[in-house]
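If you're wondering where the values come from, they're calculated on a predicted model, not measured in any experiment. Each ligand, and each atom within it, is numbered from 1 in the order the structure gives.
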Amino acid sequence: MVSPAVIAPSADTPGGDAVIEPFVQSPPALDNLYTSDRLLVGFLRRKLPHEMLAAIEPEFIELGAEAAGPLASLQHADRLNEPVLTQWDAWGKRVDAIELTPLWREAERRAVHYGLTAVPYERCEAEWSRLRQFVLVYLFHPVTDVYTCPLAMTDGAARTLIESGNRALIARAVPRLTGRDPAASWTSGQWMTESSGGSDVGSSATIAELGADGRWRLHGKKWFTSAATSQMALTLARPVGNGAGGNGLAMFYVECRDESGRLSGIRVERLKDKLGTRKVPTAELLLDGTPAQLVAGTTGGTRAIEPMLRITRTWNSVCAASFMRHAHRLAADYAKRRVAFGAPLAALPLHRETLADVEAECAGAFLLTFLLVELLGRAEAGVATEDQAVLLRLLTPLTKLTTGKQSVQAVSEAIEAFGGAGYVEDTGLPVLLRDTQVLPIWEGTTNVLSLDLLLRADVARGVAALEQRVGVACEAARTAGLGDVADTARDALSAARAWLQADRDGEHRQAGARRFALTLGRATELALLAEHAALASGSERAMIAELAHRFRRAGVNLLSEEL
Ligand SMILES: Cc1cc2nc3c(=O)[nH]c(=O)nc-3n(C[C@H](O)[C@H](O)[C@H](O)COP(=O)(O)OP(=O)(O)OC[C@H]3O[C@@H](n4cnc5c(N)ncnc54)[C@H](O)[C@@H]3O)c2cc1C
């Protein structure tokens with residue numbers, strides 16, 4: 001399919017002969033990512049105490065403007081750049097230096113300036129500190145080419161060290177991971193995946209040897225390490241003599257470079273040649289006697305590193321919601337500019353319908369994600385109830401897997417909404433789809449998280465806590481005339497509970513885990529949409545109620561044929 005050239009009479013041509021003018025298409029434009037996001041602004045107005053929002057909103061407006069302006073421009077200018085690995089210098093010395101792109105260097109500065117890993121540790125907003133942080137992340141993410149990847153691991157490492165109780169390491173690393181001084185700030189990697197398995201971490205082959213000098217040294221190969229330029233990492237290795245499986249692994253702290261700046265017993269074998277996230281320097285690392293410190297005991301490493309996963313999965317959910325919103329906002333703006341069949345796309349009923357369906361998914365993903373964020377903030381501030389703590393444990397994998405799947409579908413639809421332009425590299429659009437595709441893969445794939453959720457000991461309690469929270473949402477929805485939407489959400493959750501309680505063998509249980517998890521996720525999103533509509537008023541209520549109806553039509557209960 002080709003787009004027609006515009007043929008128009010030229011005023012400069014004697015006799016008014018027709019000339020072929022080049023076809024010029026109007027690219028989508030960005031408004032302030034914060035002030036133009038009605039759902040986000042309305043949500044914060046309802047959630048946060050008035051004075052608190054008044055105090056922090058200027059920062060959202062500032063970052064929203066920067067993201068739509070200078071950062072988006074830099075992102076476009078940086079389009080063809082990629083990190084470069086130099087393994088050897090001109091004189092034969094092994095250096096393994098990785099040069100990052102200008103966008104990433106700027107993103108690093110902006111991340112420290114906005115305190116993207118500082119805010120939740122400063123706790124100025126008490127239980128709302130995570131909300132403040134993740135609103136900033138939501139605005140920052142779509143224009144910084146996945147710089148959120150090292151930030152997520154940095155936040156996760158800080159949390160993991162704090163929960164480990166290792167005072168020396170907390171004192172050494174946490175201020176650097178969570179500080180606002182650009183000269184002293186660090187990022188962290190997490191090195192878990194080996195060629196033997198990313199999901200099956202228990203099969204890791206890296207070993208840890210305790211030397212006569214009392215120092216641990218690691219030997220092995222880490223197959224995917226995304227923050228290859230970080231100053232430190234948390235990793236898993238098996239102390240010599242330990243048994244097989246996850247419990248035989250210990251968690252180690254590694255400072256990647258010595259005082260002279262040389263990598264400490266680490267070789268960067270190569271950077272991965274990836275479908276997307278190409279600004280992220282994802283490396284294969286050879287650990288060849290890497291000095292390391294035990295963080296918390298010589299066994300139980302997979303359990304000790306869980307806080308890392310809790311945090312990175314939350315970041316993943318925020319990034320999924322953020323990419324979805326961004327893709328939709330670009331497509332919606334373009335629909336006002338692009339004319340087909342004599343009308344802007346936005347005036348064509350089916351195109352409008354298509355974009356509205358995407359918007360409904362964006363809104364559902366946003367509300368589920370920010371419920372998770374709210375619960376995380378409450379837990380860290382020590383004000384979560386027991387039920388909220390149980391719910392947080394369920395929602396962490398649930399939100400990650402639900403939004404990860406939604407994001408790929410929504411971004412793909414938004415790309416299609418640009419027609420051929422969405423497939424052309426220098427529009428800057430295709431990268432959005434490629435980068436989104438990683439979200440269901442890393443930090444646990446959809447299947448692995450579905451099983452993780454289903455097989456956890458407290459799953460029944462988690463589902464009960466979810467039903468309770470959804471019940472509250474549904475009561476609110478009823479007061480706004482959204483009883484039918486509330487019923488769908490409740491019925492789907494009841495179906496999921498019945499499925500969970502049914503007597504079935506292990507194989508059938510595992511086979512249905514994804515449908516079970518996605519039913520929980522979609523039912524919760526629907527209930528939250530209905531609740532949010534009920535709490536809004538006027539045209540905003542009508543808009544969100546319409547999104548809730550739309551979301552419901554797209555399908556919520558994936559288990560209906562199994563009961
Ligand atoms: C760009 C990128 C960057 C990354 N960065 C890092 C990093 O910094 N640090 C790090 O540690 N890792 C990193 N990873 C690795 C990532 O976390 C793993 O790739 C991921 O966890 C999946 O593991 P795997 O590749 O071994 O896939 P596998 O575990 O082999 O999975 C393959 C397929 O099998 C399915 N599967 C696996 N087990 C089951 C089961 N029991 N039941 C049903 N289905 C199952 C999975 O869902 C998947 O679809 C990165 C990956 C990518 C793509």
Side-chain angles (χ1 to χ4, degrees), residues 82-83 98 145-157 160 187-206 218 220-230 232-237 246 249 251-252 254 256 266 268-285 287 301-302 304-306 308-309 311-313 315-316 319-320 323 397 400-401 404-405 408 431 433-456 506-518:
E82 295 196 349
I98 298 172
D145 287 356
V146 202
Y147 188 72
T148 42
C149 167
L151 292 176
M153 295 190 285
T154 301
D155 188 352
T160 307
T187 58
S188 174
Q190 52 146 327
W191 304 342
M192 297 213 271
T193 304
E194 302 193 2
S195 51
S196 53
S199 315
D200 185 11
V201 168
S203 65
S204 296
T206 297
L218 309 184
K221 187 164 175 182
K222 296 293 173 180
W223 187 236
F224 274 96
T225 59
S226 278
T229 52
S230 290
M232 63 157 279
L234 293 180
T235 188
L236 298 176
L249 294 169
M251 178 166 72
F252 286 90
V254 172
C256 302
I266 300 169
V268 182
E269 297 280 82
R270 59 173 165 163
L271 295 183
K272 297 280 197 192
D273 184 7
K274 297 170 290 178
L275 169 72
T277 67
R278 294 189 69 93
K279 298 291 160 69
V280 183
T282 306
E284 290 169 24
L285 297 183
L287 308 184
T302 47
I305 209 163
E306 269 175 15
M308 167 72 82
L309 295 173
I311 298 299
T312 55
R313 286 171 184 170
W315 276 77
N316 202 92
C319 293
F323 262 159
K400 194 279 185 186
L401 74 91
K405 284 317 262 188
V408 174
V431 66
L433 182 56
R434 284 199 298 268
D435 284 356
T436 302
Q437 180 65 66
V438 84
L439 298 176
I441 297 175
W442 64 17
E443 314 306 349
T445 63
T446 312
N447 282 359
V448 166
L449 292 182
S450 300
L451 290 171
D452 175 72
L453 189 152
L454 177 65
L455 302 178
R456 60 179 52 224
E507 182 155 344
H508 282 96
R509 215 172 160 75
Q510 282 204 26
R514 182 196 274 232
R515 287 186 288 276
F516 167 71
L518 287 173

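- Among protein heavy atoms, atom 20 (C) of ligand 1 sits closest to Ile441 O, 3.7 Å.
- Ligand 1 has no nitrogen or oxygen under 3.5 angstrom from a nitrogen or oxygen of Gly444.
- There is a protein heavy atom closer than 4.0 angstrom to atom 23 (O) of ligand 1.
- Under the 4.0 Å distance rule, the nearest protein heavy atom to atom 11 (O) of ligand 1 falls inside the cut-off.
- The nearest heavy-atom contact from the protein to atom 26 (O) of ligand 1 is Gly198 N, 2.6 Å.
- Closest heavy-atom approach to atom 31 (O) of ligand 1 among the candidates Ser199, Ser203, Cys149: Ser199.
- Scanning the protein for heavy atoms near atom 9 (N) of ligand 1, the closest one is Gln190 O, 2.8 Å.
- Near Met192, meaning under 4.0 Å from any of its heavy atoms, are these atoms of ligand 1: 10 (C), 11 (O).
- Looking at Lys272 and Glu284, a side-chain N of the basic residue comes within less than 4.0 Å of a carboxylate O on the acidic one, giving a salt bridge.
- Contact annotation for atom 4 (C) of ligand 1: protein present (non-hydrogen atoms, distance under 4.0 Å).
- Applying the 4.0 Å criterion to heavy atoms of Thr277 picks out, from ligand 1, the atoms 1 (C).
- For the atom pair OG of Ser203 and CD of Glu194, the computed distance is 7.5 Å after rounding to the nearest 0.5 Å.
- At the top of the distance list for atom 8 (O) of ligand 1, counting protein heavy atoms only, stands Ser226 N, 2.7 Å.
- Of all atoms in ligand 1, numbered sequentially from 1 with element shown, those under 4.0 Å from a heavy atom of Leu451 are 40 (C), 41 (N), 42 (N).
- With hydrogens left out, the protein atom closest to atom 36 (N) of ligand 1 is Val448 CG2, 4.2 Å, a heavy atom.
- Residue-ligand proximity, Lys274 to ligand 1, at heavy-atom distances under 4.0 Å covers atoms 1 (C).
- For ligand 1, none of its N or O atoms has an N or O atom of Asp200 under 3.5 Å away.
- Under the side-chain hydrogen bond (donor to acceptor under 3.5 Å, both in side chains) criterion, Asp435 pairs with no residue at all, not counting sequence neighbours.
- Between atom 44 (N) of ligand 1 and the options Thr445, Leu455, Asn447, the minimum heavy-atom separation is to Asn447.
- Using a 4.5 Å cut-off on side-chain heavy atoms (C-beta onward), Thr206 and Leu287 make contact.
- Each of the following atoms of ligand 1 lies closer than 4.0 Å to a heavy atom of Thr225: 7 (C), 8 (O).
- Within the 4.0 Å cut-off (strictly below), no protein heavy atom is located near atom 34 (O) of ligand 1.
- With sequence neighbours excluded, the residues satisfying side-chain hydrogen bond (donor to acceptor under 3.5 Å, both in side chains) with Thr282 are Ser226, Lys274.
- Rounding to the nearest 0.5 Å gives a distance of 12.5 Å between CG of Leu439 and CG of Leu401.
- Under the 3.5 Å distance criterion, the side-chain polar atoms of Thr160 are left unmatched by any main-chain donor or acceptor of Ile305.
- Of the candidates Phe224, Trp191, Trp223, the one placing a heavy atom closest to atom 14 (N) of ligand 1 is Phe224.
- When only non-hydrogen protein atoms are considered, atom 2 (C) of ligand 1 lies nearest to Trp442 CE3, 3.5 Å.
- Using a 4.5 Å cut-off on side-chain heavy atoms (C-beta onward), Thr277 and Cys149 make no contact.
- In this structure, OG1 on Thr154 lies 10.5 Å from CD on Gln190, to the nearest 0.5 angstrom.
- The distance from atom OG1 of Thr193 to atom NZ of Lys222, rounded to the nearest 0.5 Å, is 8.5 Å.
- When hydrogens are left out, the protein atom nearest atom 18 (C) of ligand 1 is Thr193 OG1, 4.0 Å; that is the closest non-hydrogen contact.
- The OG1 atom of Thr187 sits 8.0 Å away from atom CE of Met153, with the distance rounded to the nearest 0.5 Å.
- Taking the side chain as every heavy atom from C-beta outward, Glu269 and Leu285 never approach each other to under 4.5 Å.
- The shortest distance between side-chain heavy atoms of Leu451 and Arg514 does not fall below 4.5 Å.
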